[in-house]
Undergrad: 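First, the structure itself, so that you have it in front of you.
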Amino acid sequence: MTRPPLIQVFARSLLIQASFNYWRMQNLGFAFAMIPVIRRFSRDRKDVSERLDRHLMRFHTHPCMAPSILGSVVCLEETGGASAGADAIALKDSLMGPYAALGDPLFLGGIRPLSSVSGVFFFALGMMMAAPLCLLGLYNVPSLWIRWRGFREGYKRGRWAFEFFQTLDLTRWTSRMRWAGLVALAVVGAVVAKVFLHREGLFPLPEGYLSVLAFLLAVFWLIRRGVPRVWIPYGIFVLFLIVQAVVS
């Protein structure tokens with residue numbers, strides 16, 4: 001297959017979440033991404049309708065991992081012959097769960113917190129231009145690389161595209177990203193204690209450092225005790241309101 005249809009499929013894969021629904025999840029986005037390839041394979045309306053129907057089945061995985069499955073499905077549609085439809089459905093069903101299990105911890109539990117904390121770090125230092133660039137760059141550069149390489153390897157390897165992610169060892173990188181995020185969070189806490197608390201005269205140093213450290217340890221303790229993580233930000237917000245009322 002020539003390059004333009006493949007580029008169109010990849011570009012459309014970036015919008016796979018745009019039509020997310022609670023019935024079949026990302027099925028509309030997946031089918032939308034496949035349209036350039038389907039039109040290239042056939043102009044017959046009935047055949048096009050049948051190909052679209054099989055890609056409108058339920059589909060849900062992490063958005064950054066979805067292009068790899070798209071590439072594999074394009075490969076099967078191109079070389080699978082009469083069994084291409086059944087093979088594509090089976091491949092999607094077998095890969096979307098494991099790919100989600102790889103992508104969710106890496107991006108939602110590793111890269112996104114690290115990029116967010118890094119952006120806050122530069123903002124606390126007064127580097128207003130560097131903060132959003134760091135935030136967007138740390139998340140989007142690796143995610144776009146995974147999307148593009150995953151799509152290329154999926155198209156090249158077909159049903160064996162998962163071997164590419166095995167070579168990356170994403171589980172190890174997820175652990176590293178989480179530790180890096182914790183380190184960045186500790187650094188941000190120290191910077192906040194020095195820049196804001198000491199400047200406003202709320203806490204003298206080193207008491208300010210100790211207070212921030214105690215706060216981080218308290219959050220960590222709550223997480224280890226099984227407190228739902230959704231409750232912690234709301235509790236912190238209420239705590240800050242109380243402290244602000246007492247100080248003022």
Side-chain angles (χ1 to χ4, degrees), residues 1 5-38 54-80 84-85 87-116 135-178 180-181:
M1 182 177 296
L6 295 177
I7 294 178
Q8 292 179 20
V9 172
F10 175 75
R12 288 173 175 235
S13 73
L14 301 176
L15 303 175
I16 196 168
Q17 289 283 93
S19 54
F20 184 89
N21 60 89
Y22 289 101
W23 181 35
R24 294 186 176 179
M25 308 299 181
Q26 299 165 329
N27 68 320
L28 293 177
F30 195 97
F32 174 72
M34 287 294 298
I35 288 176
V37 172
I38 293 174
R54 63 174 174 247
H55 295 306
L56 287 172
M57 304 299 291
R58 183 181 179 274
F59 179 78
H60 188 216
T61 192
H62 192 276
C64 294
M65 309 294 286
S68 179
I69 301 179
L70 273 166
S72 298
V73 170
V74 171
C75 179
L76 292 180
E77 291 277 6
E78 186 178 15
T79 61
D87 291 342
I89 293 175
L91 182 70
K92 290 165 60 178
D93 291 341
S94 62
L95 290 183
M96 61 182 181
Y99 278 16
L102 286 174
D104 288 348
L106 176 63
F107 291 98
L108 302 183
I111 297 179
R112 189 170 70 176
L114 175 60
S115 60
S116 301
L135 170 65
L136 297 175
L138 281 179
Y139 185 84
N140 287 295
V141 170
S143 65
L144 287 174
W145 185 83
I146 288 288
R147 287 175 186 262
W148 175 242
R149 282 299 302 273
F151 179 74
R152 286 182 56 190
E153 296 296 329
Y155 179 69
K156 183 188 302 182
R157 306 189 188 198
R159 65 180 75 249
W160 305 106
F162 64 90
E163 295 176 348
F164 165 68
F165 293 108
Q166 288 180 337
T167 60
L168 292 181
D169 196 1
L170 295 182
T171 303
R172 182 183 64 178
W173 282 105
T174 299
S175 178
R176 291 180 177 179
M177 290 294 177
R178 285 179 172 176

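The model shown is predicted, which means the values in this text are computed figures rather than measured ones.
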Undergrad: Can you give me the closest heavy-atom contact between Leu106 and Met177, atom names plus distance?
TA: CD1-CG, 4.4 Å
Undergrad: Determine the minimum heavy-atom distance between Met96 and Thr61, stating which atoms define it.
TA: O-OG1, 2.9 Å
Undergrad: Would a line drawn from the ring center of Phe162 to the ring center of Tyr99 be shorter than 6.0 Å?
TA: no
Undergrad: Measure the spacing between CD of Glu77 and CG of Leu70 and express it to the nearest 0.5 Å.
TA: 11.0 Å
Undergrad: Would Ile69 and Val73 satisfy side chain to side chain contact (heavy atoms under 4.5 Å, CB included), going step by step from the backbone distance to the final call?
TA: CA-CA 6 Å; Ile69 301 179; Val73 170; 4.2 Å; yes
Undergrad: For Leu138 and Ser115, which heavy atoms make the closest approach, and how far apart are they?
TA: CB-CB, 3.6 Å
Undergrad: Please round to the nearest 0.5 Å and tell me the distance separating atom OH of Tyr155 and atom SG of Cys75.
TA: 7.0 Å
Undergrad: Determine whether a donor-acceptor pair (N or O, by modelled atom type, separation under 3.5 Å) exists between the side chain of Ser72 and the backbone of Ser68.
TA: yes
Undergrad: Would you mind reporting whether Trp23 and Arg58 have side-chain heavy atoms less than 4.5 Å apart?
TA: no
Undergrad: With Phe30, which residues qualify under ring-ring contact (aromatic ring centres under 6.0 Å, His included), at least two apart?
TA: His55, Phe59
Undergrad: Looking at side-chain heavy atoms only, is the closest gap between Trp145 and Pro142 below 4.5 Å?
TA: no
Undergrad: May I have the step-by-step check of side chain to side chain contact (heavy atoms under 4.5 Å, CB included) for Asp169 and Gln166, ending in yes or no?
TA: CA-CA 5 Å; Asp169 196 1; Gln166 288 180 337; over 6 Å; no
Undergrad: Would Arg12 count as a cation-pi partner of Phe32, with NZ or CZ less than 6.0 Å from the six-membered ring centre and within 45° of the ring normal?
TA: yes
Undergrad: Checking the side chain of Thr167 only, and the main-chain atoms of Phe164 only, is there a donor and an acceptor separated by less than 3.5 Å?
TA: yes
Undergrad: Quick one: does NZ or CZ of Arg157 land under 6.0 Å from the six-membered ring centre of Trp160, within 45 degrees of the ring axis?
TA: no
Undergrad: Supply the atom-to-atom distance Lys92 NZ to Met57 CE, rounded to the nearest 0.5 angstrom.
TA: 8.0 Å
Undergrad: Measuring from atom SG of Cys64 to atom CG of Leu14, what distance do you get when rounded to the nearest 0.5 angstrom?
TA: 9.5 Å
Undergrad: Looking only at heavy atoms, what is the nearest atom pair of Ala31 and Leu56, with distance?
TA: CB-CD2, 3.6 Å
Undergrad: Determine whether a donor-acceptor pair (N or O, by modelled atom type, separation under 3.5 Å) exists between the side chain of Arg112 and the backbone of Tyr139.
TA: no
Undergrad: Taking C-beta and beyond as the side chain, do Arg147 and Pro63 meet within less than 4.5 Å on heavy atoms?
TA: yes
Undergrad: Please lay out, stage by stage, how Ile146 and Ser143 fare under the test side chain to side chain contact (heavy atoms under 4.5 Å, CB included).
TA: CA-CA 5 Å; Ile146 288 288; Ser143 65; 5.8 Å; no
Undergrad: Keeping the roles fixed (side chain from Gln17, backbone from Gln26), state whether a donor-acceptor pair exists under 3.5 Å.
TA: no
Undergrad: Taking all heavy atoms of Gly154 and all of Ala161, pick out the closest pair and write down the distance.
TA: CA-CB, 3.5 Å
Undergrad: Could you walk me through whether Phe165 and Met65 pass side chain to side chain contact (heavy atoms under 4.5 Å, CB included), step by step?
TA: CA-CA 10 Å; Phe165 293 108; Met65 309 294 286; 3.5 Å; yes
Undergrad: More than 12 heavy atoms of other residues, nucleotides or ligands under 6.0 Å from CH2 of Trp173: yes or no?
TA: no
Undergrad: If we only count heavy atoms from C-beta on, is the Thr174 to Leu102 side-chain gap below 4.5 Å?
TA: no
Undergrad: Drop me the distance from Arg54's CZ to Met34's CE, to the nearest 0.5 angstrom.
TA: 8.0 Å
Undergrad: Check whether any side-chain heavy atom of Leu108 lies under 4.5 Å from a side-chain heavy atom of His62, and answer yes or no.
TA: yes
Undergrad: Could you state the interatomic distance from CD1 (Ile89) to OG (Ser94), rounded to the nearest 0.5 Å?
TA: 12.0 Å
Undergrad: Which heavy atom in Leu28 sits nearest to a heavy atom in Ser19, and how many Å separate them?
TA: CB-OG, 3.3 Å
